[in-house]
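Both counts, for ligands and for their atoms, begin at 1 and track the order of listing. All figures in this text were calculated on a predicted structure; none of them were measured in a lab.
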Amino acid sequence: MAPVRKLFDEDAVARRVGELSAEIATTYPPNMIMIGILTGAFVFMADLMRALDRLGLSPGVEFIRLGSYGHSKESAGEVRLLSDLHTDVDGRAVLLVDDICDTGRSLAFAQDLLRSRGAVKVGTCVLVDKPSRRIVDVEIDFIGFTVPDVFVVGYGIDYADQYRHLPYIGTVD
Ligand code: IMP
Ligand code: MG
């Protein structure tokens with residue numbers, strides 16, 4: 001494994017997740033549904049849902065799996081739905097949760113999908129935003145950290161299926 005340079009340590013991530021949950025709780029109903037994008041979002045989702053619980057929300061928790069990246073650092077460009085929801089989101093307030101917004105293709109694809117299924121509100125929340133990489137214009141309602149064009153790993157985020165286990169967020173060259 002290539003060396004990892006630490007960007008945000010465990011305390012910084014925990015603090016930011018707490019702040020995000022407080023923002024989310026002011027704009028979302030208690031019965032909202034959080035939809036995470038696998039695989040990268042699973043650690044963030046686990047912490048975020050428990051932070052929301054502490055604020056009195058009872059969010060539904062669901063995941064979809066999207067494909068595009070494979071084992072490279074560059075997106076293949078086309079997003080596909082690899083694993084679908086098991087819940088009817090018609091009429092529901094939904095919060096899409098992803099690890100990173102890079103080109104914006106994944107979030108835009110997921111947002112279109114959920115709107116087509118009748119979700120009434122489809123907000124977006126990402127742990128890490130890389131705005132300089134954006135290709136598709138997508139609005140992000142809640143952002144954990146904004147970073148320049150670096151490759152990020154840890155806290156669920158991988159490079160070639162490695163580094164997900166790290167409890168902090170770092171970068172590899
Ligand atoms: P987008 O569709 O280009 O916005 O890419 C979103 C997905 O690409 C994220 O959900 C990540 O899984 C992956 N990705 C983008 N940038 C990085 C990175 O720096 N490290 C690891 N995965 C990344
Ligand atoms: Mg992802």
K.L.:
Verify, without hydrogens or angle tests, whether Lys6 (side chain) and Tyr168 (backbone) share a donor-acceptor contact under 3.5 angstrom.
P.N.:
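Not confirmed, Lys6 side chain does not pair with Tyr168 backbone.
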
K.L.:
For Asp158, counting its heavy atoms only, list the atoms of ligand 1 lying under 4.0 Å from any of them.
P.N.:
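Contacts of ligand 1 toward Asp158, numbered from 1: 21 (C), 22 (N).
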
K.L.:
For Leu81, which fellow cluster members are found when Ile, Leu, Val, Met, Phe, Trp and Tyr are connected by side-chain heavy-atom distances below 4.5 angstrom, either directly or through intermediates?
P.N.:
Ile33, Ile35, Ile37, Ile64, Leu66, Val79, Leu85, Val89, Val94, Leu96, Leu107, Phe109, Leu113, Leu114, Val122, Val126, Val138, Ile140, Ile143

K.L.:
Between Met32 and Ile24, is any pair of side-chain heavy atoms under 4.5 Å apart?
P.N.:
yes

K.L.:
Going by the order shown, which atoms of ligand 1 are within less than 4.0 Å of some heavy atom of Ser106?
P.N.:
1 (P), 2 (O), 5 (O), 6 (C)

K.L.:
Would you check whether Tyr159 reaches within less than 4.0 Å of ligand 1, judged by its heavy atoms?
P.N.:
no

K.L.:
Any idea which part of Asp99 is under 4.0 Å from ligand 1, heavy-atom wise: side chain, backbone, both or neither?
P.N.:
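Under 4.0 Å from ligand 1, Asp99 contributes side-chain atoms alone.
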
K.L.:
Hey, is Asp102 touching ligand 1 through its side chain, its backbone, both or neither, going by heavy atoms under 4.0 Å?
P.N.:
both

K.L.:
Side chain, backbone, both or neither: which applies to Lys130 and ligand 1 if a contact is any heavy-atom pair less than 4.0 Å apart?
P.N.:
side chain

K.L.:
Which of the numbered atoms in ligand 1 are below 4.0 angstrom from a heavy atom of Ile100?
P.N.:
6 (C), 9 (C), 10 (O), 15 (C), 16 (N), 17 (C), 18 (C), 19 (O), 20 (N), 21 (C), 22 (N), 23 (C)

K.L.:
Does any N/O atom on Val152 come nearer than 3.5 Å to any N/O atom on ligand 1?
P.N.:
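Val152 vs ligand 1: N/O contact under 3.5 Å present.
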
K.L.:
Would Val153 count as being in polar contact with ligand 1, using the rule that some N or O on each side must be under 3.5 angstrom apart?
P.N.:
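Looking only at distances, the answer is no, because the N/O contact criterion of under 3.5 Å is not met.
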
K.L.:
Which residues satisfy the side chain to side chain contact (heavy atoms under 4.5 Å, CB included) test with Val61, sequence neighbours excluded?
P.N.:
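By the side chain to side chain contact (heavy atoms under 4.5 Å, CB included) rule, Val61 matches Met34, Met45, Met49, Phe63.
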
K.L.:
Can you tell which part of Asp98 has a heavy atom less than 4.0 Å from ligand 1: side chain, backbone, both or neither?
P.N.:
side chain

K.L.:
Checking side-chain polar atoms at under 3.5 Å, does Arg65 have a donor or acceptor matched by the opposite partner on Thr39?
P.N.:
yes

K.L.:
I would like to know whether Asp47 and Tyr155 meet side-chain hydrogen bond (donor to acceptor under 3.5 Å, both in side chains); could you show each step before the answer?
P.N.:
CA-CA 10 Å; Asp47 284 344; Tyr155 195 71; 2.6 Å; yes

K.L.:
Hey, which atoms in ligand 1 end up nearer than 4.0 Å to a heavy atom of Val150?
P.N.:
19 (O)

K.L.:
Kindly compute the distance separating OH (Tyr28) from CG (Leu55), expressed to the nearest 0.5 Å.
P.N.:
15.5 Å

K.L.:
Check whether Arg16 reaches the backbone of Gly144 with its side chain - one donor and one acceptor, N or O, closer than 3.5 Å.
P.N.:
yes

K.L.:
State, to 0.1 Å, how close His86 and Glu62 come at their nearest heavy-atom pair, and which atoms those are.
P.N.:
N-OE2, 3.1 Å

K.L.:
Using a 4.0 Å heavy-atom cut-off, which part of Ile135 comes near ligand 1: side chain, backbone, both, or neither?
P.N.:
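Neither; no heavy atom under 4.0 Å.
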
K.L.:
Any idea which atoms of ligand 1 are less than 4.0 Å away from a heavy-atom of Thr103?
P.N.:
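Heavy-atom distances to Thr103 below 4.0 Å select 1 (P), 2 (O), 3 (O), 4 (O).
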
